[in-house]
Amino acid sequence: MITKLIVRGMLAGLLAGLLAAVFAYTVGEPRIDQAIALEEAAAAAAPHPHDEAGPAGHSHEEGEALVSRDGQRFGLFLALGLYGVAVGGLFALAYAAVRGRAGPRSEPVLAITLAAAAFTAIVLVPFLKYPANPPAVGDPETIDQRTVLYLVAVVIGILAVAAGAATHRYAARSEPWLRWTATGATTLLPVAAAWILLPEIDEVPQGFPADLLWDFRIASIGTQAVFWLGVGALFAFAARRRSPV
């Protein structure tokens, strides 16, 4: 029976990944093109020490991308499709672990609730502290530090949501207002502590268009929102269509 759940999750993840890729291609890619154009313009305007030594031993093509933009766009669909398959399988395992033990009794509602919790823990909490940046934003020398801090934020998000869910279950017999207050406090306190204690990273170059930065970040989190909404909705739809396992 678990095999059927995993297959269902992988199919839901695949379709959700392709939907997210369509959103990213439509909304996010134009912003990436604009950011790349700004990066190339800044690189062209910067002085090149090699230019004084003449053309010998210097190639102006050494900074070109190894993969064309068309190849990157195709890779967007491929990567999000494969990502969806992998995440969908893990989502099905998590669904099987909590079904009948925690969360709503209705399987479709449980699927959507679990997807919303995953989005909050894995995407929203880290994004609020370390939002995504387009090309031309970020110091290459700090990429390792930024990666570690982002993963720390993901772990904190997962632990915060898990703590909130455990509190909600533990306080099942309490008054509704007390139950939800305790759940919210248990979830938000670790997030607030992380927000205060984790270091800030602000590497946006001076003069970078604020509207482009904002639009890119909205497109980035929007892609993830479409993906997780798709996973939850498609998995819930399959749960309603099937006979009880």
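Residue numbers run from 1 in the order of the sequence given.
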Asks: Let's go through L19 and L80 carefully: what are the C-alpha distance in whole Å and the side-chain angles of both, what is the deciding distance for side-chain contact (heavy atoms from CB on, under 4.5 Å) to 0.1 Å, and is it a yes or a no?
Replies: CA-CA 9 Å; L19 288 174; L80 282 175; over 6 Å; no
Asks: If I take atom CZ from residue R31 and atom CG from residue D211, how far apart are they, to the nearest 0.5 angstrom?
Replies: 9.0 Å
Asks: Indicate, with yes or no, if V148 and Y130 share a hydrophobic cluster defined by side-chain heavy-atom contacts under 4.5 Å among Ile, Leu, Val, Met, Phe, Trp and Tyr.
Replies: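 Yes; tracing contacts between hydrophobic side chains, which count when under 4.5 Å, links both residues.
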Asks: With a 4.5 Å heavy-atom cut-off, do I221 and F119 have their side chains touching?
Replies: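 Of all side-chain heavy-atom pairs linking F119 with I221, at least one is under 4.5 Å.
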Asks: K129 side chain to L198 main-chain N or O, any donor-acceptor pair under 3.5 Å?
Replies: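 Confirmed, K129 side chain pairs with L198 backbone.
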Asks: Is the closest side-chain heavy-atom distance between L159 and P190 below 4.5 Å?
Replies: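 A side-chain contact is absent here, since even the closest heavy-atom pair is not under 4.5 Å.
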Asks: Roughly how far apart are R169 CZ and T183 OG1, rounded to 0.5 Å?
Replies: 13.0 Å
Asks: Do D215 and Q34 have side chains that get closer than 4.5 Å, going by heavy atoms?
Replies: no
Asks: Assess whether atom CG of L178 is packed by more than 12 heavy atoms of other residues, nucleotides or ligands within 6.0 Å.
Replies: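 Yes - once you tally the heavy atoms of other residues, nucleotides and ligands closer than 6.0 Å, there are more than 12.
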Asks: In terms of ring plane angle, is the pair F235 and F91 parallel, tilted or perpendicular, where the classes change at 30° and 60°?
Replies: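 Ring orientation of F235 relative to F91: perpendicular.
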Asks: Is the number of heavy atoms from other residues, nucleotides or ligands within 6.0 Å of OH (Y150) greater than 12?
Replies: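 Enclosed.
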Asks: Report the C-alpha separation of V123 and F227 in whole Å, then their side-chain angles, then the decisive distance to 0.1 Å, and conclude whether the side-chain contact (heavy atoms from CB on, under 4.5 Å) test is met.
Replies: CA-CA 11 Å; V123 180; F227 174 77; over 6 Å; no
Asks: Is the closest side-chain heavy-atom distance between Q224 and F127 below 4.5 Å?
Replies: no
Asks: Find out whether L93 and I6 are in side-chain contact, i.e. whether some heavy atom of one side chain is under 4.5 Å from a heavy atom of the other.
Replies: yes
Asks: Can you find a heavy atom in the side chain of I201 that is under 4.5 Å from one in the side chain of T142?
Replies: no
Asks: Begin with the C-alpha distance, continue with both residues' side-chain angles, and end with the deciding distance and a verdict on side-chain contact (heavy atoms from CB on, under 4.5 Å) for L234 and R8.
Replies: CA-CA 9 Å; L234 290 168; R8 187 199 313 170; over 6 Å; no
Asks: Is I2 linked to L114 within one hydrophobic cluster, defined over Ile, Leu, Val, Met, Phe, Trp and Tyr using a side-chain heavy-atom separation of less than 4.5 Å?
Replies: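 I2 clusters together with L114.
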Asks: Nearest heavy-atom pair of I122 and V154: which atoms, and what distance?
Replies: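 Nearest pair, atom of I122 first, then V154: O-CG2, 4.0 Å.
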Asks: Just verifying a value: how many Å separate W195 CH2 and E200 CD, rounded to the nearest 0.5 Å?
Replies: 7.0 Å
Asks: If you look at every heavy atom in T186 and G164, which pair is closest and at what distance?
Replies: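 Heavy atoms of T186 and G164 come nearest at CG2-N, 4.0 Å.
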Asks: Tell me whether V226 is reachable from I218 by hopping between hydrophobic residues (I, L, V, M, F, W, Y) whose side-chain heavy atoms are closer than 4.5 Å.
Replies: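 No, I218 and V226 fall in different hydrophobic clusters.
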Asks: Would L124 and V231 show up in the same hydrophobic cluster when neighbours are defined by side-chain heavy atoms closer than 4.5 Å?
Replies: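 Yes; V231 is reachable from L124 via cluster members.
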Asks: Between V155 and L151, is a side-chain contact (heavy atoms from CB on, under 4.5 Å) present by the stated rule, with each step listed?
Replies: CA-CA 6 Å; V155 172; L151 291 176; 5.6 Å; no
Asks: Taking Y83 as the starting point, is it possible to reach V27 by hopping between hydrophobic residues whose side chains are less than 4.5 Å apart?
Replies: no
Asks: Of P30, P209, P134, which meets side-chain contact (heavy atoms from CB on, under 4.5 Å) against F216?
Replies: P134
Asks: To check you understand the geometry: which heavy-atom pair defines the closest contact between P126 and A121, and what is its length?
Replies: CD-O, 3.5 Å
Asks: Within a strict 4.5 Å, meaning less than it, do heavy atoms of the V22 and F77 side chains meet?
Replies: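 V22 reaches F77 side chain to side chain.
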Asks: Can you name the closest pair of heavy atoms from A96 and L5 and give their distance?
Replies: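 Of all heavy-atom pairs spanning A96 and L5, the closest is CB-CD1, 3.8 Å.
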Asks: Please check: side-chain N/O of R217 versus main-chain N/O of A132, any donor-acceptor pairing under 3.5 Å?
Replies: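 Checked: pair present.
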Asks: Heavy atoms only: give me the nearest G81-L18 pair and the separation to one decimal.
Replies: CA-CD2, 4.5 Å
Asks: Looking only at heavy atoms, what is the nearest atom pair of V125 and G157, with distance?
Replies: CG1-CA, 3.8 Å
